[in-house]
Participant: 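Can you keep this structure in mind? I'll have questions shortly.
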Amino acid sequence: QQPVQSPQAVILREGEDAVINCSSSKALYSVHWYRQKHGEAPVFLMILLKGGEQKGHEKISASFNEKKQQSSLYLTASQLSYSGTYFCGAGGGSNYKLTFGKGTLLTVNP
Amino acid sequence: DTEVTQTPKHLVMGMTNKKSLKCEQHMGHRAMYWYKQKAKKPPELMFVYSYEKLSINESVPSRFSPECPNSSLLNLHLHALQPEDSALYLCASSPEGQGRETQYFGPGTRLLVL
């Protein structure tokens with residue numbers, strides 16, 4: 001079942017913060033975050049595993065609330081290079097399937 | 001090296017043509033994937049190969065035929081496609097094919113069916 005992402009789109013000025021949410025009605029074993037720029041392949045950002053954790057990579061971090069079946073991606077002090085569509089992918093426990101949400105279009109303006 | 005390569009980058013084909021898409025990785029990964037992505041939509045899983053065996057076929061029409069000649073290569077054979085099959089076709093790989101693994105995507109082949 002496809003995870004639900006919100007918001008669908010967000011526009012920021014450089015330096016502002018944003019939060020993108022991903023929720024599922026089914027049990028989440030892992031959450032995968034990707035960013036895709038127009039005309040390019042999805043680029044892996046981070047993966048969060050069941051057990052509830054938070055990860056960070058420079059100014060991009062994410063949390064995974066297992067009880068609520070939710071994950072959030074935090075982008076702080078946004079840069080122009082952050083622009084793109086962000087997808088969360090719901091991963092199964094032992095199977096191979098990754099189901100992506102519809103995506104959140106993030107636009108960072110100067 | 002975390003690179004997945006795909007050829008060709010672009011492909012235009014008629015509905016009666018036969019063509020193939022190729023994907024290669026040299027990361028020693030044992031799982032490889034084909035996704036289809038339409039404009040402004042998320043990638044949709046088509047096939048998964050694990051240890052060179054087809055493990056998932058997401059009810060894909062038979063005009064798409066996957067092949068995994070060895071652990072580094074993945075092909076997608078196309079025959080008698082329809083215009084609605086025009087899309088970006090993405091290949092990905094992961095170490096073992098577990099849901100907890102990172103999938104690394106190739107740059108994709110942009111397919112146009114006339």
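Numbers restart at 1 for each chain; the letters A, B, ... are given by sequence-line order, proteins then strands. A quick note: this is a predicted structure, and the numbers were derived from the prediction, not measured.
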Participant: Given a strict heavy-atom distance threshold of 4.5 Å, which part of B:Glu58 is in contact with chain A: side chain, backbone, both, or neither?
Facilitator: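 When you check distances to chain A, only side chain atoms of B:Glu58 fall under 4.5 Å.
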Participant: Can you tell whether the side chains of B:Lys38 and B:Glu84 come within less than 4.0 Å, N to carboxylate O?
Facilitator: no
Participant: Under a 4.5 Å heavy-atom cutoff, which of A:Gln36, A:Glu40, A:His38, A:Gln2 has the most pairs with chain B?
Facilitator: A:Gln36
Participant: Can you name the closest pair of heavy atoms from B:Leu54 and B:Pro66 and give their distance?
Facilitator: CD1-CG, 4.4 Å
Participant: Between B:Ile56 and B:Leu45, is there a side-chain heavy-atom distance shorter than 4.5 Å?
Facilitator: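 Side chain of B:Leu45 against side chain of B:Ile56, heavy atoms only: contact under 4.5 Å found.
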Participant: Which class fits the ring pair B:Tyr104 and A:Phe44: parallel under 30°, tilted 30 to 60°, perpendicular over 60°?
Facilitator: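 The rings of B:Tyr104 and A:Phe44 sit tilted, inter-plane angle from 30° to 60°.
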Participant: Please check if atom NZ in A:Lys37 has more than 12 non-hydrogen atoms from other residues, nucleotides or ligands closer than 6.0 Å.
Facilitator: yes
Participant: Could you tell me if the ring centre of B:Phe64 sits under 6.0 Å from that of B:Phe47?
Facilitator: no
Participant: Is B:Ser50 close to chain A through its backbone or its side chain, or both, or neither, when contacts mean heavy atoms under 4.5 Å?
Facilitator: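 Only the side chain of B:Ser50 comes within 4.5 Å of chain A.
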Participant: Checking an interface table here. Which of residues 14-22 of chain A come within a heavy-atom distance under 4.5 Å of chain B?
Facilitator: none
Participant: With sequence neighbours excluded, tell me which residues meet salt bridge (charged side-chain N to carboxylate O under 4.0 Å, His left out) with B:Arg110.
Facilitator: none
Participant: Tell me, side chain or backbone of B:Thr102 under 4.5 Å from chain A's heavy atoms, or both, or neither?
Facilitator: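 Interface part for B:Thr102: both.
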Participant: Side chain from CB out, backbone as N, CA, C, O: work out which of these in B:Gln37 comes under 4.5 Å of a heavy atom of chain A, or both, or neither.
Facilitator: side chain
Participant: Relative to the ring of A:Phe100, is the ring of A:Tyr34 parallel (under 30°), tilted (30 to 60°) or perpendicular (over 60°)?
Facilitator: perpendicular
Participant: Show your working on side-chain contact (heavy atoms from CB on, under 4.5 Å) between B:Thr109 and B:Thr7 and close with a plain yes or no.
Facilitator: CA-CA 7 Å; B:Thr109 293; B:Thr7 55; over 6 Å; no
Participant: Go through B:Gly108, B:Pro43, B:Ala39 and name the one with the most non-hydrogen pairs under 4.5 angstrom from chain A.
Facilitator: B:Pro43
